[in-house]
Amino acid sequence: MGFFDLSIPYNEPPRSGGKEIAGGKTLRLKLATKAMELGYVGIAHNRSIKGVMSDKDSCTIPLLTLGSLIKVAPRLASSVGFHRDLLGVPRTTPFRQYTRLTVHVESNAQCQSLNSGNPILKSYDIIAVRPMNQNAFDYACEKAEVDLISIDFTDKMLFRLKHPMVKAAIQRGIYFEIKYSDILMDAQTRRQVISNAKLLVDWTRGKNLIISSGAPSVTELRGPNDVINLMFLLGLSAERARAAISKNCRNMIAKVLKKKRFHKEAVRVELLSAGDTFSLEQPLSGDCMKWDPLSSGEGDMLLDDLAKAFDATNVGAPKSSKAIDFTSVLDDLPKHGFRVKDIVGTESVTQPPAAKVIDTQVHSSNQVSELRMATASSDDNLRETETISQIDMLMSEDDNKVEPTTNVLKEEAFALRKCSASHGQGILVQNQTATSFTLTRCTKSDAASDVSINIESTSEGGSMSPSKSDHGIPQSPVEVINMGNAAFDEEASVDENSKERATTGHASNDEMHITESGHHASIDDEKHIPEPEHFTSIADEMKIDCSSEANHDEYMEVTVEDQKHETGDSKIILPNLSSETTDLLSESGKSLSPDAVVQDHDEASRLESNETKLEEEASVPNHNTFEITMEDNKVEELTIEDEKVEKTETEASHQAQVQSSENNNDTKSGKTQAKRSRVRLPQLRPFKPFLLQSRFKRISKKRKH
Amino acid sequence: MVGFKNRYMLMEVFLDPDKDLLGEGTPIILTQFNLSKAIKDSILVNFGECGLGSSLGSFQVKYVNPITKLCIVRSSREEHRQVWSAITLVKSIGNCPVILNLLDISGCIRACKDTALKCDKEKFEQCSKSLSEEEIRQMNTCLEKIKLLEN
């Protein structure tokens, strides 16, 4: 857990003077270098504004570059590494920089400007307010849209801290800040700060409290452990103080950046270069999972870069990842989506090793769009059903979290049998950089429809929707399994799959997002296009499921829901699924469930969609029998589904859904043709073979959507 | 049974951090004496006479390495938090502004010794390029001293 120092003073140079900048910059450099050396992983350049803000006050804080740091302290890299080891911070954590504005507020008029519509405020990462009187403080706690309330404790307090105000602010998610450099100043200041801040500490009990330095010079900086101990003087326990300097900072930054970069719950899409090749052996490169909830875009420095820069006397450019305009990506994708044969070639993996998470590679003949998958989401999928709200969580998830997830996913290899082209199946396989998927063959006879598997590694909902919409499967709702795991035989399933993909592909969060974002709806609507253009992270989910199911011996065959209106039960019948497919199914099922849910969100019932998805998914793994029930034990139940659906559904319910969905498929097939079919990704969870027709019927009747 | 417990704090000193961060040409030489004096002054100012009295019993600067700026300070377990806070609040040794940064804290001298050896070696690596012969010799004697540290 990294430590942050969110208050490095930045002095805006007067418009005329150039000299000041030099002096100020050196100071900032030194402070930043020292902070980095002491083990902090993030700093924020703090600029103060009094009075009225004007356009000229927009953020012009130049972030420090690697080169400048190296110039100040050439042997920084080794020292930083040394300290980080002692603190338990991983060496590879990038050093981040943020920009912060502190507004001194005195009058009501100034208070009013502290809203979210203020463009000047938007140009900074973190907004802090310093109230100068009681009114301002009350307003700041209750109404102002700021991130941080920073109170000057050094002198006699100009207002009183009232407990209900403090509580209100905490409930709104506003953080309070204490600067520890005030304690270091001199005896008199120390006295004041301790007595004033003690009250705040008592009332917040460390919750929503942030400690920063505000050091006017390098001598006032202290290491993280020392700061934690200093807080003991204020009455803050060690663990709370530690949280105040690490976890709370992290949470605040994640929240702030999320607000800044994304609108509501949209997810970010990144374009992968088409030149990347995937192979099953190589693990997914970290580049694929570039989701960085704490990165402000630029200004991140890596220790390796530091070392290299020092050695080579070259300045390493800070990493920055740019989000890709999703719409343009979508437009670029081929109309028919991606066919498996295009992507996979003749590869076929017989044994599904741990399902690999298809991160975000959508293979198309020409383009690869990478959807970021919140790996964390896949984790979540595995763990718990998540609601759409989790997407936010996902967003704010730590990189570390993401990484492990990816690893997990990577370990699970997808083995998708290649769908036989002869069946005219179009399978969308999204290849991850590391993995290639072969779609399993759908042997089901009724699985005539092509199943397009859209694997979207990224949880971007956006990707999902386009693909979905592209699906114009005239058939009954075939769930498109985006996940690479399953080979979808049926075209119809493609449509649904696209939906499902969206849902399944993404780790719960992603899918949730996708569904939530309504993209899925589009997928449903447009089943026409056989292959979804967009791959959802369903694949990811699928992978997750698959991986979990890897140990299943059963061969799960997912038959796409018959589009032909055949009796539902028969369709969903799971032929003997190979263990691989089972695994895949399980994985995908897990992941799919959320996807499925996502896709259907606009549909009447998520459950239905889930069910259909389940069916679809079952078919997708292109096994004749979708043994959903079989494997469920080991596989986490349709976590994805649940997630997507925003409901937490138990496995049983999923199964029921599957069953009912199967039934529904039959009934719905007619309907689906009429209107846009929902792409439902069938739960790829192994279900016990009790999906009998009678049961289906019973269940479906019971179900009311 | 050991009734009396101590805490051994391993710290590093950043001398004159505002100036050249390379640490070339140290303005003052770190000795056990001047470091101990600075810390005691800090305890006196912040915790008063009684604070100083209660922490003085077990307070000792056990080891100082002037080249790598590493030191080991011992204090009693009851007072170690206060002594630690006082150490953090030290702003200058003599005329030289300093930053005292705690690296490790342990309950027995042995564990502290091991960490100190490791840290010393690492810090030595970091600044070994600019050391003269004399200093290298001094360094080695200090390392020896660590090994001889036993309570």
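When reading the values below, keep in mind they use all heavy atoms of this one structure, side chains included, and skip hydrogens, waters and symmetry mates. Chain naming here is simple, since letters A, B, ... match the order of the sequence lines and numbering starts at 1 in each.
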Given that the side chain runs from C-beta out, which part of [X] has a heavy atom under 4.5 Å from chain A: side chain, backbone, both or neither?
X      : value
B/E12  : side chain
B/N101 : both
B/L100 : backbone

Contact check, side chains of B/F14 and A/L38, non-hydrogen atoms, under 4.5 Å: yes

Does some side-chain heavy atom of A/H83 sit less than 4.5 Å from a side-chain heavy atom of B/L103?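 SC-SC contact between B/L103 and A/H83 confirmed.
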
Apply side chain to side chain contact (heavy atoms under 4.5 Å, CB included) to residues B/E122 and A/L86 and explain how you reach the verdict. CA-CA 12 Å; B/E122 273 206 49; A/L86 280 170; over 6 Å; no

A/L31, A/N229, A/L221: which one forms the most heavy-atom pairs within less than 4.5 Å of chain B?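 Most pairs with chain B among the choices: A/N229.
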
Can you tell me how far [atom2] of [Y] sits from [atom1] of [X], rounded to the nearest 0.5 angstrom?
X      : Y      : atom1 : atom2 : value
B/K121 : A/F82  : NZ    : CZ    : 12.5 Å
A/R190 : B/N46  : CZ    : CG    : 4.5 Å
B/M11  : A/N225 : CE    : CG    : 13.0 Å

Under 3.5 Å donor-acceptor pairs involving side-chain atoms of residues 87-98 of chain B, not counting sequence neighbours:
unit_1 : atom_1 : unit_2 : atom_2 : d
B/T88  : OG1    : B/W84  : O      : 2.9
B/K91  : NZ     : A/L184 : O      : 3.4
B/K91  : NZ     : A/M185 : O      : 3.1

Are there more than 12 heavy atoms of other residues, nucleotides or ligands under 6.0 Å from atom CD of A/E239?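 Atom CD in A/E239 is not crowded, with 12 or fewer foreign heavy atoms closer than 6.0 Å.
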
Give a yes or no on this: more than 12 heavy atoms of other residues, nucleotides or ligands lie within 6.0 Å of atom CZ of B/F4.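 Counting neighbours around CZ of B/F4, more than 12 heavy atoms of other residues, nucleotides or ligands fall under 6.0 Å, so yes.
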
Can you say whether A/I183 sits under 4.5 Å from chain B via the side chain, the backbone, both, or neither, judging by heavy atoms?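 Both backbone and side chain.
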
